[in-house]
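By convention in this document, chain letters (A, B, ...) are assigned in the order of the sequence lines, proteins followed by strands, and residues within each chain are numbered from 1. Computed from heavy atoms alone, side chains included, the values below leave out hydrogens, waters and symmetry copies.
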Amino acid sequence: MSEGDGLRARLSAQALSVWAKHDKDNGGWLPLWCHMHDSAAVAGLLWDCWLPARVRALVGRVLPEGEVDGRRLAVWLAGVHDIGKATPAFACQVEVLADRMRAAGLEMPSRRAVGADRRLAPHGLAGQVLLQEWLEEQRGWPGRVTGQFAVVVGGHHGVPPDHPSLRDLDGRWDLLRTPGGNEGVWRRVQGELLDACAAEFGVEGRLGEWRGVRLPQPVQVVLSGLVIMADWIASNEDLFPYFPAGSECGAGSGRAGAAWRDLDLPGSWRPVVPRDGVGELFASRFDLPAGAVVRPVQAAAVETARGMPEPGLLIVEAPMGEGKTEAALAAAEVLAARAGSGGVFFALPTMATSNAMFPRLLSWLDRLPAGDGDRLSVLLAHSKAALNKDAAELRAGSRKRIASVDVDGAVQTVSAGGEAAASAELVAHHWLVGRKKGMLSSFVVGTVDQLLFAGLRARHLVLRHLAVAGKTVVIDEAHAYDTYMNTYLDRVLGWLGAYGVPVVVLSATLPAARRRELAQAYAGAAGDDERFVPVEQAREYPLLTAVSRGAVPVLGRPAVSGRGYEVRVERLDDGLGVLADRLEAELAGGGCALVVRNTVGRVLETAKALRERFGPRAVTVAHSRFIDVDRAENDHRLLELFGRDAAVRPGRHIVVASQVAEQSLDVDFDLLVSDAAPVDLLLQRMGRLHRHAREGRPAVLRDAKCLVTGVDWSAAVPKPVRGSEFIYGRHALLRSLAVLLPFFDGGRPVDLPGDISALVQDVYGGGQVGPADWAPALEEARLVHEKLQAGKADRAEQFCIGEAGKDGRPLIGWLAGSVGDADDTRAGRAQVRDSEECVEVLVVEELGDGSLATVHWAGEGRGGLALPTDAVPSPEAARAAAACGLRLPVAMAKPHIVDRVVAELKQFSFEKWQTKENPWLAGQLILPIRPGCQTSLAGFRLMYTRENGLEVSNAR
DNA sequence: AAGAAAAAAAAA
């Protein structure tokens, strides 16, 4: 398509005089007509070379001439997005450029004369009003249908206008056209620009038909996102130089083509439905051990993905260790190909699990079929991704494939195994960085928060939506989220359904009611939709649930792979002496025990008592109150001692841990002692028991055994310790104990994974559980629980976007009451998790001479690096210090004390560190640990040791 | 009074 000098040729000198951009450093500027050209050209290139097929189809589906119309619409909207700059309210801002316009005949008052009223007419809003007026008056559209198109212009600064601001501007046409004799000139120029865009960008002949279109809100969103992306690229002065120098390179396709080559944005992934059988598919995509067989759940997931009427939501429920991750990736490849997704977003509950997933995704990408020269953009997305080694390597380009040129000159890539294989180059593209642009990378591994943000009313939300709309989404550990996060998740799923984004949800222990909620949210179904009753009633495990929009959900019931074992559960009275005695008896012949406590306080007091009994070397502590590097090292050491291939497994050892031992660590113990916890978590903990087949377990420990403690069992209704009740609530704890009653003390053993589903469903279902005399206590707990959950849901709604509105209803007011941008208030930050306030510090060491350094034991060359307080620390030292983050206990973040804590920490925020060249440390709170590990803060005495982590006592 | 783990932060 020719996008040459056409726009300029269509415009009068007056219209050509309108400016759009100005660089006050060098006086460079850009006329509006040129920025219109640039933006439109970039939008066309994005449409052709970057936008995933799914998004093109989504837009095309609602327009009379399909995707051809879709491209025209995107290009035209990008072309006109800054029309609001052709107003006195905008143009008066730069005197010298305003004078050019005045000389051409466009009169306007000075900036000062317009004054504060200028903010009534920000150029996005002004543009929307002008475009709506033009469609109505010049093209004869009914007023009510113009908003659905014009809101894309109105929202191009990240927030679609709301009704009050439209109303406020309505009475102020003087801001859009200088009143009096010159008004007609302004009107003509604005009309001229819009006429020229319509003609130049090929929509002149289309507007007649488009007035009958009702644009669904999801389409308005992705178009808004695309226009913003085009604007950001076209506003890059390096790519699109300002005038007068920039005028040399002409306008339109030549200028844009050169910029596009310089930008070098990787295109999106173009998946193809694999034709292989499931066995071949798994063998080619994953590095499986020799002789590995595809598990029934994996095969069923792929077959279901192939067979669903429309690619939609696939929920996979199966026990740990059934290869759900591989199943998800294989199913995602099929679904992505069917839906036309251009990438995958893999969402996990924590930064640690995201970090662990990242290299697995990279090696899967290496094995995906690819065409010559394909490049795929990849990103690790969470707040500390910058500290991750794999992500840093990718950024440094070290993962570039080693290309060898064979005789015919065809470039072949060499895979890690040495054999030649077509493989795409994986890149972390420089443009695709930052909070708002990163998600636009084709492949993203990140925390689920990054997905939930798609439900948060915040500026530039449309970019995040554009990013997810073009992907297939995998959500891991879907049971791990609370009511607050689930409110966001369900809302986001509704939008994903509307975009036709395929979603794979993974869970080991999903309550049936949640299963139904997820399915209905995605399908956009009403809460009482009868078709979803079977989804909630299904009791099989493993279980697949496939939901296509508008179709009846389909359930699949693959077999288990046959591995399984039994765990005997037993009640143990709470008390350190009781515990030590029992462990002494159980471990008399050696063996390794895991003791899981629900609070850090209990972990530390237990460890102290057990060290006295068994000696300091026989006891290890693990919880989250360690600095990041120590926490990682703790995990690493546990794997080394108790992992699958542990060569140095101790003869007799006890690990005392908080909930950190519950998740994602592939460790194996001979005996488990656990504080009472909700049954799904207790089952997770039991998963650390006899995980691997091992020779030579001591005879007494040959049967897997779990002792449940942390409860006063003598009470009429068992009474969990205080901390447990605070954390999990009496409701979940009591119901869990109730369903475990038949298993306790010589009852039948828990069958893993056979009993998992029934136990979870009984606890989280509404049915009667427990003996009759527990009933009043259970009922009371239920009421408290329901009130608490309702409160969480209410709080979540406060900043959660609504469901997609009726087709054709403009996005006006979509983000009204948003959390805003660059939000520095404490309340404005953590919005997708319902968390209490918390204080995070970077721990550094104060040396004998009073100087600061990174903690000496940090390892990997990070320890003992000097941190001068009167200068900017070296990048290495700063980065090492940033890897020593520590969250202070919530007690120190309570409202009455937090200000004092922060104020006292501020004495260590050194002025020289607060600079842009020091991104690792600027704005961080620093906690120096004095020699002897002690320090005091806001009346608390703090002690940090490598053995126990942070210990806090109240000195007052 | 105090009690888990978890996440998070620049635009045109």
Side-chain angles (χ1 to χ4, degrees), chain A residues 20-21 23 30 35 38-39 42 81-82 123-124 156-158 227-237 239-240 347-354 381-386 431 433-438 446-453 456 458-460 463 477 480-482 484-485 596-603 622-625 631 657-664 675 677-678 681 710 720-728 819 821-826 828-836 838 840 885 887 889-894 896-897 916 919 922-924 952-954 956:
Chain A
K21 290 183 178 291
D23 184 335
L30 204 61
H35 185 54
D38 296 341
S39 306
V42 173
H81 81 271
D82 263 351
H123 75 265
H156 84 264
H157 275 251
V227 166
I228 291 176
M229 200 175 163
D231 184 24
W232 287 9
I233 293 171
S235 301
N236 184 319
E237 209 180 322
L239 298 174
F240 292 90
L348 301 112
T350 67
M351 296 195 276
T353 46
S354 305
H382 61 67
S383 66
K384 293 185 181 172
W431 196 82
V433 296
R435 186 163 59 104
K436 296 186 171 175
K437 296 188 294 186
T447 49
V448 72
D449 304 61
Q450 301 295 327
L451 177 66
L452 300 185
F453 284 140
L456 182 68
R459 209 172 148 147
H460 290 119
L463 278 181
E477 316 248 20
Y481 311 128
D482 69 357
Y484 188 95
M485 296 173 81
V596 182
R597 298 306 214 185
N598 289 346
T599 66
V600 177
R602 279 173 63 82
V603 168
H623 53 71
S624 78
R625 217 175 287 162
R631 170 76 201 279
S658 70
Q659 292 83 342
V660 295
E662 199 166 86
Q663 302 154 5
S664 62
D675 279 354
L681 303 180
V721 296
R722 186 170 201 89
S724 299
E725 280 201 0
F726 174 79
I727 291 161
Y728 298 116
V819 291
D821 206 19
D823 195 329
D824 285 333
T825 63
R826 292 211 197 97
R829 265 175 284 170
Q831 301 281 3
V832 296
R833 296 203 189 219
D834 185 29
S835 48
E836 287 188 73
C838 103
E840 184 159 347
R887 274 171 216 179
V890 282
M892 303 185 70
K894 296 285 179 191
H896 66 280
I897 195 77
K916 259 206 301 217
Q924 300 291 334
V952 176
S953 52
N954 205 326
R956 286 169 301 174

Seminar exercise, completed: Per atom distances to the A/R722 side chain, the nearest of B/dA1, B/dA4, B/dA6 is B/dA1
Problem set entry | Rounded distance in Å - OH (A/Y481) to P (B/dA5) | 18 Å
Exercise. Which nucleotide, B/dA5, B/dG3, B/dA11, lies nearest any side-chain atom of A/K894?
Worked result: B/dG3
For this session: Compare side-chain N and O positions of A/S624 against OP1 and OP2 of B/dA5 and report whether any pair is under 4.0 Å apart.
Result: yes
Exercise. Which of these nucleotides, B/dG3, B/dA11, B/dA6, is closest to any side-chain atom of A/H460?
Worked result: B/dA11
For this session: Using only side-chain N and O atoms of A/R597, determine if any of them is under 4.0 Å from OP1 or OP2 of B/dA5.
Result: no
Problem set entry | Minimum-distance nucleotide to A/K21 side chain [options: B/dA7, B/dG3, B/dA12] | B/dA12
For this session: Please tell me which of the listed nucleotides, B/dA4, B/dA8, B/dA12, lies nearest to the side chain of A/T599?
Result: B/dA4
Problem set entry | Under-3.5 Å donor-acceptor pair between A/R887 side chain and B/dA7 base | yes
Problem set entry | Between B/dA4 (C1') and A/E840 (CD): distance, integer Å | 15 Å
Exercise. Of all residues at least two apart in sequence or in a different chain, which pass the ring-ring contact (aromatic ring centres under 6.0 Å, His included) check with A/W431?
Worked result: none
For this session: Look at the side chain of A/F453 and decide which nucleotide, out of B/dA9, B/dG3, B/dA12, has an atom nearest to it.
Result: B/dA9
For this session: With heavy atoms under 4.0 Å as the rule, sort A/Q450 into base, sugar-phosphate or nothing.
Result: sugar-phosphate
Problem set entry | 4.5 Å side-chain heavy-atom contact, A/D38 and A/L30 | yes
Seminar exercise, completed: Among B/dA7, B/dA4, B/dA12, the one nearest any side-chain atom of A/D449 is B/dA7
Exercise. For the side chain of A/Q659, counting heavy atoms from C-beta on, which of B/dA7, B/dA11, B/dA4 is nearest?
Worked result: B/dA4
Seminar exercise, completed: Among the nucleotides B/dA11, B/dG3, B/dA6, whichever has the atom closest to the side chain of A/W232 is B/dA11
Exercise. Does a nitrogen or oxygen in the side chain of A/R435 sit under 4.0 Å from OP1 or OP2 of B/dA10?
Worked result: yes
For this session: Determine if A/F726 stacks with B/dG3; use a centre-to-centre distance below 5.5 Å and an interplanar angle below 30° as the criteria.
Result: yes
Exercise. Does a nitrogen or oxygen in the side chain of A/H896 sit under 4.0 Å from OP1 or OP2 of B/dA1?
Worked result: no
Exercise. When you check the phosphate oxygens OP1 and OP2 of B/dA7, does a side-chain N or O of A/Q831 lie under 4.0 Å from one of them?
Worked result: no
Exercise. Taking the side chain of A/H157 as its heavy atoms from C-beta onward, which of B/dA6, B/dA4, B/dA12 lies nearest to it?
Worked result: B/dA12
Seminar exercise, completed: With sequence neighbours left out, the residues meeting salt bridge (Lys or Arg N to Asp or Glu O under 4.0 Å) with A/E237 are none
Problem set entry | Whole angstrom value for the distance that separates C1' of B/dA5 from CG of A/D675 | 15 Å
Exercise. OP1 or OP2 of B/dA11 less than 4.0 angstrom from a side-chain nitrogen or oxygen of A/S235, does that happen here?
Worked result: no
Exercise. Do the ring centers of A/H81 and A/H157 come within less than 6.0 Å of each other?
Worked result: no
